[in-house]
Amino acid sequence: AGQPISKRLEFPDQRIAIYGDQLVAVAPLPSGNPIVFDFSPMVARASPAAPTMRYGVQYARVVGKALVAELCQMGIESAPETPNAFLVAIDLESGKTLWTTGIHTAGAQRCVVSGRSIIAAAGLSAPGVVTVTNLEIGKLESSIEIPFPPVYVVQREREILVQGGDHGEA
């Protein structure tokens, strides 16, 4: 891709590599033939009112026939808890945008895909929030306040666990 890998994400059925925060290579297993998506045009449009803000891909995963990604403001330009990210779904075959969510507080690396939803947790201080977004249309279905800042979201069988630093889990 010509740029160094800034992040790798491994899932049982796919490998994701993010290059320079804007190129995403998806290698579905077992074939391993990567598909590359360039998010730079979308990143350029993310904040036309504030062109100095830079967005980058923080999370990506293929779900069905779409690549779902979280684009987050990079650097320290925004204060903690300021909405600074959004989710987007891209059609794997055409490369067209299927949907984007409204702006929210980043939940990077705190996402779980479960059934028809993506569950994300966000917040750098208490209280945090857990959101459930419909993967088919990108609509926020639920938002739940939690009493601590989330660190990880994991799925264990039919349960979603949110772990928060020294504060425990919900």
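Hydrogens, waters and symmetry mates are skipped; everything else that's a heavy atom, side chains included, is used.
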Rounded to the nearest 0.5 Å, the CD1 atom of Ile137 sits from the OG1 atom of Thr101 at a distance of 12.0 Å
Residues pairing under salt bridge (charged side-chain N to carboxylate O under 4.0 Å, His left out) where one sits in residues 133-148, two or more places apart or in two chains, turn out to be Arg116-Glu136
Please answer whether the main-chain N or O of Val112 pairs with a side-chain N or O of Gln155 as donor and acceptor at a distance below 3.5 Å. no
Heavy-atom nearest pair, Leu67 first then Phe37, reads CD2-CD1, 3.5 Å
Joint cluster assignment, Val129 & Leu140, ILVMFWY side-chain distance < 4.5 Å: no
Taking every heavy atom of Ala66 against every heavy atom of Leu98, the minimum-distance pair comes out as CB-CD1, 3.7 Å
Would you please test Ile119 and Ser114 for side-chain contact (heavy atoms from CB on, under 4.5 Å) and show each step?
CA-CA 7 Å; Ile119 296 104; Ser114 180; 3.7 Å; yes
Open item on the list: What verdict does the side-chain contact (heavy atoms from CB on, under 4.5 Å) test give for Val88 and Trp99, after you've listed the backbone C-alpha separation in whole Å, the side-chain angles of each residue and the deciding distance to 0.1 Å?
Closed with: CA-CA 6 Å; Val88 60; Trp99 52 258; 5.7 Å; no
Between Val113 and Leu135, is a side-chain contact (heavy atoms from CB on, under 4.5 Å) present by the stated rule, with each step listed?
CA-CA 9 Å; Val113 172; Leu135 282 170; 3.7 Å; yes
For Gly95 and Ile90, the nearest pair of non-hydrogen atoms, with its separation, is O-CG2, 3.5 Å
CD1 of Ile16 to CD1 of Ile18, rounded to nearest 0.5 Å, is 7.5 Å
Using side-chain contact (heavy atoms from CB on, under 4.5 Å), reason through Val130 and Val153 one step at a time and then give a plain yes or no. CA-CA 9 Å; Val130 175; Val153 177; 5.8 Å; no
Salt bridge (charged side-chain N to carboxylate O under 4.0 Å, His left out) pairs touching residues 59-69, sequence neighbours excluded, are Asp13-Arg61
From the list Val57, Leu9, Asp38, Val36, side-chain contact (heavy atoms from CB on, under 4.5 Å) partner of Val24 resolves to Val57
